[in-house]
Amino acid sequence: MSKDRERGEDYWLARPATIGLLKKLFIAALVLLVLADFTVEHHSYFGIDGTFGFGAWVGFVTCMALIAVAKMFGTLLKRPDSYYDN
Amino acid sequence: MTTSLIIPPGLVLILGGLLMPLLARVGLRSLVLIVLPVVTLWLVWTPPLGATLTTPFLGFELILVQTSELARVFATVFSLMGFLGGLFALRQQNTLELAAAFVYAGSAISVAMAGDLITVFIFWEVMAIASTVVIWCGGAKARPAGMRYAAIHMLGGALLMAGIAGEIAATGSTAFTAMDTSTVPRMLILAGILINAGAPPLSAWLPDAYPESSWTGMVFLSAFTTKVAVFVLLRGFPGTEILIPIGFVMVFYGIIYAILENDVRRILAYSIVNQVGFMVIAIGIGTEMALNGAAAHAFVHIIYKALLLMATGSVLLATGKRKCTELGGLFRSMPLTAVCCIIGALSISAFPWTSGFIAKSLISGAAAKEHMETVYLLLVVASAGVLLPDIKVPWFVFFHKDSGLRPKDPPWNMGLAMIILSIFCVGIGVFPAALYGMLPYPVDYEPYTPDHIVYQLQLLLFGALAFYLTLGWLKQTNTITLDVDWLWRRPGPAIAAFLDRFAGYTWEWFVDLVTATAMRLYRLVHSHHGPQGIFGRTWPTGTMAFWTTVMLGAVVIMSYFQ
């Protein structure tokens with residue numbers, strides 16, 4: 001690793017090529033996981049949890065919604081972190 | 001085995017902690033830190049189930065030890081944390097902190113082993129004092145934070161004590177059994193416990209105080225107080241429905257504040273609240289499966305939270321920094337710490353093949369089994385949401401932008417503690433039977449079905465996608481987010497200062513009034529009875545003789561008229 005540093009390159013994990021590869025792997029994993037819903041039969045308790053790609057869309061929508069709510073709280077309640085110092 | 005052979009396991013750590021400053025002088029500190037927790041663990045497991053040790057106290061019979069499956073689950077993980085926390089802290093210079101941490105751990109174990117309400121209360125209060133000392137050892141900023149922490153916990157302790165006293169007065173029994181919330185004393189007990197659990201409305205004590213402790217202090221703090229509260233709830237209030245909404249508030253409050261937070265240790269503090277929220281919900285559901293889930297979740301949470309805090313503690317020790325905005329890219333020089341932190345984050349997110357997955361599944365499984373649709377769906381939403389704070393810690397510390405910092409991985413003892421915890425995280429996830437076998441009720445549940453694995457991976461990876469897409473929007477800022485502790489840090493002191501001044505003025509006015517009245521009274525008395533007053537002054541003998549003559553003359557004249 002130190003040889004890479006001498007050549008002026010960053011660690012392998014931080015190189016653009018590695019990051020590009022990781023992104024591709026991540027997208028592939030997302031696609032495969034949704035496609036996996038064709039092969040496994042979900043045990044549905046309440047109907048909605050048996051919909052296609054339930055985990056995928058709930059995971060995405062929930063996190064987006066929580067981030068949006070958090071942003072809203074943030075605009076009201078965020079203060080500089082020296083707030084209590086003086 | 002006769003009861004006389006039972007030694008209260010918690011007392012070993014408490015005594016060890018009290019003697020630690022002395023033992024440290026003769027170079028035995030490391031030995032105490034490593035050996036005593038192992039002895040304690042042995043003492044937790046040697047007495048058979050149902051064994052008790054009692055001692056008389058002020059006319060009551062204290063049950064110092066009452067072994068049960070539930071007590072063993074908690075006492076085991078508490079002892080384990082004494083051991084691994086001690087291993088991690090071998091190089092902590094401050095012996096006082098470690099001594100307090102051992103008293104703290106020992107009293108947590110003592111609560112877990114306790115069989116009556118008075119014993120619970122005694123060790124509950126010892127925990128509050130010892131944990132305050134641990135916080136105070138964090139430095140200058142930790143002093144006021146520790147004072148606020150102590151104030152909240154004294155309030156909780158007072159509620160608990162009032163409740164226990166009322167309960168004993170009403171029932172005549174000190175027994176610590178499952179209770180309902182039909183009477184005021186029991187509601188007070190519940191309120192006292194919930195304060196320690198980090199439940200609203202006073203939850204802010206936790207993110208206020210814990211992050212200010214030292215790089216080792218928070219490892220201990222994260223393990224005991226909230227989880228002891230979970231244990232006491234599990235034993236005292238299983239199936240209390242109000243706990244379900246309270247738990248959900250904790251979960252979502254913890255998530256939202258952690259999303260906004262910039263300080264890594266405060267993120268982890270908020271994350272404790274959201275994780276304990278899941279346990280509180282499970283206790284509210286109250287079925288055997290849910291209670292198993294709460295106990296299992298407490299066990300695994302202590303382990304992965306300690307791991308995350310050791311990783312960030314190592315970073316804090318090496319760099320002195322704990323803010324997302326000041327860190328980043330540390331994987332380059334701290335690869336071991338980065339890997340351990342990622343394993344901790346995967347576990348806390350309930351990634352399949354980690355400990356969080358097999359524990360949290362029990363809770364949502366219990367809600368599904370009871371056909372609690374709203375609870376189940378909210379748990380689904382919560383399970384996706386907890387990913388956000390948990391992904392933040394490894395991301396902003398070890399990846400994201402390169403901060404230019406190149407700290408080294410920590411010394412061997414800290415690395416070893418993190419490796420052991422990582423092995424626990426993965427080991428429990430891959431072989432859940434080991435943990436399931438310890439739980440208070442038989443487990444009839446298989447977490448690893450293909451549909452469950454696919455569903456959980458979808459939930460987490462698409463959550464991660466949302467995180468990645470909003471990274472720009474979530475840009476960390478040098479800010480804090482106001483929490484309820486604002487009430488007792490801003491308007492509280494202001495009101496107190498006003499009252500102080502108001503009371504001051506009123507008192508001065510009152511003192512002036514009293515003084516003025518007294519002076520007037522004094523002058524009045526003085527004018528008649530003082531040296532020059534008509535009744536007080538000395539008269540010449542001649543005047544006396546004159547008046548005596550007048551009086552005698554008057555008597556003589558009056559005798560003529562008879």
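Just so it is clear, the values below take in all heavy atoms, side chains as well, and ignore hydrogens, waters and symmetry mates. Each chain gets a letter, A, B and so on, in the order the sequences are listed, and its residues count up from 1.
- Contact record, A:I67 with B:A466: CD1-O, 4.3 Å, taken as the closest heavy-atom pair.
- Looking at B:A382, neither its backbone nor its side chain comes within 4.5 Å of chain A, counting heavy atoms on both sides.
- Highest contact tally toward chain A, considering only B:K369, B:H452, B:K323, is held by B:K323 [criterion: heavy-atom pairs under 4.5 Å].
- Neither the backbone nor the side chain of B:L460 comes within less than 4.5 Å of any heavy atom of chain A.
- Residue B:N478 holds its CG atom at 10.0 Å from NZ of A:K78, rounded to the nearest 0.5 Å.
- When each of A:F73, A:W57, A:F26, A:F60 is scored by its heavy-atom pairs under 4.5 Å with chain B, the top score falls to A:F60.
- One finds the CG atom of A:D81 at 7.5 Å from the OG1 atom of B:T325 (value rounded to the nearest 0.5 Å).
- Highest contact tally toward chain B, considering only A:A29, A:G74, A:A65, A:G55, is held by A:G55 [criterion: heavy-atom pairs under 4.5 Å].
- Residues from residues 385-397 of chain B that place a non-hydrogen atom less than 4.5 Å from a non-hydrogen atom of chain A comprise B:G385, B:L388, given in numerical order.
- Of all the listed residues (B:Y455, B:Y376, B:F399), the one sharing the greatest number of non-hydrogen pairs under 4.5 Å with chain A is B:Y376.
- The most heavy-atom pairs under 4.5 Å with chain B, out of A:C63, A:A56, A:A70, A:G53, come from A:A56.
- Once rounded to the nearest 0.5 Å, the distance linking CZ of A:R79 with OG1 of B:T481 reads 9.5 Å.
- A donor-acceptor pair shorter than 3.5 Å can be found between the side chains of A:K23 and B:Y468.
- There is no contact between A:V61 and chain B, counting heavy-atom distances below 4.5 Å.
- One finds the CZ atom of B:F462 at 7.0 Å from the CG atom of A:L33 (value rounded to the nearest 0.5 Å).
- B:V380 places a side-chain heavy atom less than 4.5 Å from the side chain of A:F54.
- With a threshold of 4.5 angstrom between heavy atoms, B:I259 approaches chain A through side-chain atoms but not through N, CA, C or O.
- Note that the CD1 atom of A:I27 and the CG atom of B:L461 stand 12.0 Å from one another [nearest 0.5 Å].
- Ranking B:T449, B:N262, B:L482, B:V454 against chain A, the residue ahead of the rest is B:L482, based on heavy-atom pairs under 4.5 Å.
- Under the 4.5 Å side-chain criterion, counting only non-hydrogen atoms from C-beta, A:Y84 is in contact with B:D485.
- Counting heavy atoms of neighbouring residues, nucleotides and ligands inside a 6.0 Å radius, atom NZ of A:K71 exceeds 12 of them.
- In this structure, B:R489 forms no cation-pi arrangement with A:Y83, as its terminal cationic atom is not both closer than 6.0 Å to the ring centre and no more than 45° off the ring axis.
- Looking at B:I255, only its side chain comes within 4.5 Å of chain A, counting heavy atoms on both sides.
- In terms of non-hydrogen atom pairs under 4.5 Å with chain A, the most contact-rich of B:A384, B:S383, B:P450, B:A368 is B:A368.
- Contacts of B:I453 with chain A are absent, with no heavy-atom separation under 4.5 Å from either backbone or side chain.
- Scanning all heavy atoms of the two residues, the minimum distance from B:T470 to A:M64 falls at CG2-SD, 3.6 Å.
- The environment of A:K24 atom NZ is sparse: at most 12 non-hydrogen atoms of other residues, nucleotides or ligands sit within 6.0 angstrom.
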